[in-house]
Visitor: 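Pasting a structure here, questions to come.
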Amino acid sequence: MAKDFTMLDIRYIRENLEEAENRLKLRGPGISLAGFRELDDKKRALLQETENLKALRNRVSDEISRVKDKSQVQVQIAEMREVSQRIKNLDDELKGVDEALELFLLTVPNLPSNEAPKGASEADNLEVRRWGKIPEFSFQPKPHWEIGESLDILDFERGVKLTGARFTLYKAAGARLERALINFMLDLHTTEHNYIEMLPPFMVNRESMTATGQLPKFEDDLFRMEGVDYFLIPTAEVPVTNIHRGEILKSSQLPIAYTAYTPCFRREAGSYGKDTRGLIRQHQFNKVELVKFAHPSQSMNELEKLLDNAEQVLRLLELPYRVVDLCTGDIGFSACRTFDIEVWLPGQTTYREISSCSCFGDFQARRGGIKFKEDEKSKAEFVHTLNGSGLAVGRTVVAILENCQQEDGSVTIPKALRPYMGGLEKIAAPK
RNA sequence: GGAGAGAUGGCCGAGUAGGUCGAAGGCGCUCGCCUGCUAAGCGAGUAUACUGGGAAACCGGUAUCAAGGGUUCGAAUCCCUUUCUCUCCGCCA
């Protein structure tokens, strides 16, 4: 009862059960609030009963304290002993119901925004815009794994030797390219877009994972430490959003914008057959993340700005992309609205996700207790949280290798990135 | 890893032979008064969550002195466990 990780506003659900359920159904079948009413009623009934008994006990105990000769209040003391036992039993029962209710609420996803396109799957996502010219090649463009190997900058075999499937060793200009992109992105966001750089821990505790929504439902997707209850972060979203967990911010501070580079660790459970070649789906990859804490009235504006900040990376790198508005059936657990940025990959003649920019409404703020006050006197309200990749670094390497490949096998470095590559203009095959 | 000390409201800081302590006092903050401005001064107010009633203003109840459990009619105060912080030793980038 002390801590409240409730996902949706419990009062909203209580009072608008049908509406909430209908909105959740837009996410797909199998999401239901059945059972909520019963648990909630049970909880409140128990709460009433035990609180009444506690009020009685408090009153009588107070009376006892005023009597000097305790032999005169032996009856009351005996009665209260019984009352205390009943309270204990009720509290135990209440605890059980409360935990069940909390777990239930923690596993219900956020309500999708009414503005999100309605649909059942990826196929119903809405393309919003395209940018850049898709390159035409006078030769057959190669997939990035072939380019990486022939340039001797990506070593997939040794990555497997060192660790296992879905781990890759970067080498020479490949390692430098990854590092250059990280610095390029961080510099852009901090100096041009006014984000504050953070370098957070790469493991977090259970509370942090619960606040952003990875737990309790998606533990199988995470790497967990042996011996301590810590998890490797699947995205910088987790530590960075949790920076202000349990805090009350001032309205004048908002919006707060942070950017952070971190590696990301994902089990990728259930994606065994997918993207088995190359850098697309790794257990460890680098990402520069953008995170915002916004006033509720500004969160959608802030999402657009954040999205534009992420797109700017691709524009500066001259990589063609498109923006997709995710439909209600494709939006992630914690989000209410999401735009994906997909970069063009000539090796696969398709657009692939390179960034996902979401608004979470007060979903994460509620789970993590992140609030703000309009002014000194007003009541604290939940902030809105947002985040997006700005960008996934490994996939950016993929996009550069595939889009900038030349007939002679070399890869031209985008102009904006050259200062970060020591002036290098292209990566050429070793002799 | 070993030894010890500690954790109280936005902050500082009282409170340990259990009851009148949601918790003194100070600072900060808010509102009012006062002063020609500033400062000082005076007065009042100043936690959160859940829950019951009410259209609401608001009124009532419960809980919260790191967290969880125990003893007791009653715990900030006693006991146990955990977490975190600090000091010393060891180890280490």
Side-chain angles (χ1 to χ4, degrees), chain A residues 1-16 36-106 199 201-211 215 225-231 239 242-253 362 365-383:
Chain A
M1 273 168 275
K3 214 168 255 175
D4 194 347
F5 278 127
T6 305
M7 42 79 55
L8 296 173
D9 185 350
I10 192 165
R11 285 199 202 99
Y12 169 79
I13 302 183
R14 197 178 284 154
E15 285 157 24
N16 307 278
F36 168 81
R37 186 73 80 194
E38 196 189 343
L39 274 173
D40 187 50
D41 286 348
K42 186 100 185 279
K43 176 188 164 178
R44 284 189 293 165
L46 284 168
L47 201 57
Q48 277 299 114
E49 200 178 347
T50 186
E51 284 189 353
N52 286 341
L53 287 175
K54 282 176 185 172
L56 172 70
R57 182 179 66 185
N58 286 346
R59 200 166 59 242
V60 176
S61 288
D62 188 58
E63 285 163 19
I64 291 171
S65 73
R66 293 170 200 284
V67 178
K68 287 215 177 81
D69 181 1
K70 300 299 184 210
S71 68
Q72 297 190 345
V73 287
Q74 285 309 306
V75 177
Q76 285 87 331
I77 287 177
E79 273 174 13
M80 286 311 106
R81 192 175 326 192
E82 253 174 65
V83 168
S84 275
Q85 189 54 49
R86 278 165 64 199
I87 289 173
K88 193 175 179 310
N89 294 340
L90 285 169
D91 275 348
D92 286 346
E93 196 182 346
L94 177 62
K95 195 176 169 190
V97 173
D98 207 39
E99 277 168 3
L101 183 63
E102 179 156 312
L103 183 65
F104 176 84
L105 290 170
L106 283 171
L199 185 59
F202 299 160
M203 322 176 183
V204 298
N205 59 31
R206 194 168 279 275
E207 288 70 42
S208 294
M209 284 293 187
T210 304
L215 292 179
M225 298 294 110
E226 179 86 34
V228 259
D229 202 23
Y230 295 162
F231 299 84
N242 274 279
I243 287 172
H244 294 301
R245 173 154 54 85
E247 294 182 9
I248 298 174
L249 307 165
K250 289 190 196 115
S251 177
S252 58
Q253 290 177 270
D362 64 6
R366 190 180 297 281
R367 292 165 80 104
I370 311 169
K371 298 182 168 184
F372 75 99
K373 274 189 177 181
E374 205 69 68
D375 57 67
E376 284 298 332
K377 282 184 278 183
S378 53
K379 199 172 154 68
E381 298 174 62
F382 293 111
V383 301

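We name chains A, B, ... by the order of the sequence lines, and we start the count at 1 in each one.
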Visitor: Taking the P atom of each, how far is B:G90 from B:C84, in whole Å?
Guide: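 Roughly 23 Å separates the two P atoms.
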Visitor: If I pick the P atom on B:A66 and the same atom on B:A14, what distance separates them, to the nearest angstrom?
Guide: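 Here B:A14 and B:A66 have their P atoms 15 Å from each other.
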Visitor: If only side-chain N and O atoms of A:R81 are considered, is one of them under 4.0 Å from the OP1 or OP2 phosphate oxygen of B:U72?
Guide: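 So the side-chain polar atoms of A:R81 never come under 4.0 Å of the phosphate oxygens OP1 or OP2 of B:U72.
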Visitor: Please write out each protein N/O paired with an N/O of nucleotides 59-66 of chain B under 3.5 Å, distance rounded to 0.1 Å.
Guide:
from	atom 1	to	atom 2	distance (Å)
B:G61	N2	A:E51	OE1	3.0
B:G61	N2	A:E51	OE2	3.3
B:U62	OP1	A:N58	ND2	3.2
B:A63	OP2	A:N58	ND2	3.4

Visitor: Nucleotide by nucleotide, 5' to 3', does protein get under 4.0 Å of the base (B), only the sugar-phosphate (S), or neither (-) in nucleotides 18-24 of chain B, counting heavy atoms?
Guide: -B-----
Visitor: So does A:F202 have more than 12 non-hydrogen atoms from other groups sitting under 6.0 Å from CZ?
Guide: yes
Visitor: So which of A:D41, A:D9, A:D40 actually passes side-chain hydrogen bond (donor to acceptor under 3.5 Å, both in side chains) with A:R14?
Guide: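 Only one of A:D41, A:D9, A:D40 forms a side-chain hydrogen bond (donor to acceptor under 3.5 Å, both in side chains) with A:R14, namely A:D40.
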Visitor: Would you say A:D98's side chain and A:L94's backbone share a donor-acceptor pair under 3.5 angstrom?
Guide: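 Absent.
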Visitor: Can you tell me how far P in B:C79 sits from the matching atom in B:G18, rounded to whole Å?
Guide: 12 Å
Visitor: B:U81 and B:U20: how far apart are their C1' atoms, nearest whole angstrom?
Guide: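 The answer is 33 Å between these two C1' atoms.
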Visitor: Look at the side chain of A:K371 and the backbone N and O of A:K379, then say whether any donor-acceptor pair between them is shorter than 3.5 Å.
Guide: no
Visitor: Using the P atoms only, state how far B:A40 lies from B:C31, rounded to an integer number of Å.
Guide: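 These two P atoms come out 16 Å apart once rounded.
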Visitor: Just checking A:K379: base, sugar-phosphate only, or nothing, at a heavy-atom cut-off of under 4.0 Å?
Guide: sugar-phosphate
Visitor: Would a distance-only check, ignoring hydrogens and angles, find a side-chain to backbone donor-acceptor pair under 3.5 Å from A:S208 to A:V204?
Guide: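 No; judged by distance alone, with no hydrogens or angles, the pair does not exist.
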Visitor: What nucleotide among B:C73, B:C84, B:U51 has an atom nearest to a side-chain atom of A:S84?
Guide: B:C73
Visitor: Would you measure the distance from the C1' atom in B:G26 across to the matching atom in B:C33 and give it in whole Å?
Guide: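 Roughly 23 Å separates the two C1' atoms.
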Visitor: Contact class for A:R14 vs. all strands (heavy atom < 4.0 Å): base, sugar-phosphate, or nothing?
Guide: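 Contact class for A:R14: sugar-phosphate only.
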Visitor: Counting heavy atoms not belonging to A:K250, are there more than 12 under 6.0 Å from its NZ?
Guide: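 Count not over threshold, so no.
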Visitor: According to a strict under-4.0 Å criterion, is A:K373 in side-chain N/O contact with OP1 or OP2 of B:G10?
Guide: no
Visitor: Is the backbone of A:Q48 close enough, under 3.5 Å, to the side chain of A:N52 for a donor and an acceptor to pair up by distance?
Guide: yes
Visitor: Could you measure between the two C1' atoms, the one in B:C11 and the one in B:C65, and give it in whole Å?
Guide: 16 Å
Visitor: Verify the contact: side-chain N or O of A:K371 to OP1 or OP2 of B:A49, cut-off strictly under 4.0 Å; return yes or no.
Guide: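 A:K371 to B:A49 OP1/OP2: side-chain N or O found under 4.0 Å.
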Visitor: Enter the distance from A:L249:CG to A:I370:CD1 here, rounded to the nearest 0.5 Å.
Guide: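 Interatomic distance, A:L249 CG to A:I370 CD1, rounded to 0.5 Å: 8.0 Å.
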Visitor: How close do A:M80 and A:R57 get, heavy atom to heavy atom, and via which atoms?
Guide: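 In this case the closest contact between A:M80 and A:R57 is SD-CA, 3.8 Å.
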Visitor: If we ignore hydrogens and angles and just use 3.5 Å, is the side chain of A:T210 paired with the main-chain N or O of A:R206 as donor and acceptor?
Guide: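 Yes, A:T210 side chain to A:R206 backbone: donor-acceptor pair under 3.5 Å.
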Visitor: Using a 4.0 Å heavy-atom cut-off across all strands, classify A:K68 as base, sugar-phosphate, or nothing.
Guide: nothing
Visitor: Could you run through RNA chain B and flag its stems, i.e. three or more consecutive Watson-Crick or G-U pairs with both distances under 3.5 Å?
Guide: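 The stems that RNA chain B takes part in, listed by first number, are B:1-7 with B:83-89, B:10-12 with B:25-27, B:28-33 with B:41-46, B:47-53 with B:58-64, B:66-70 with B:78-82.
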Visitor: Using a 3.5 Å distance criterion without hydrogens, assess whether the side chain of A:R245 forms a donor-acceptor pair with backbone atoms of A:R367.
Guide: no
Visitor: Should we say atom CD of A:E82 is surrounded by more than 12 heavy atoms from elsewhere, each under 6.0 Å from it?
Guide: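 Atom CD in A:E82 is not crowded, with 12 or fewer foreign heavy atoms closer than 6.0 Å.
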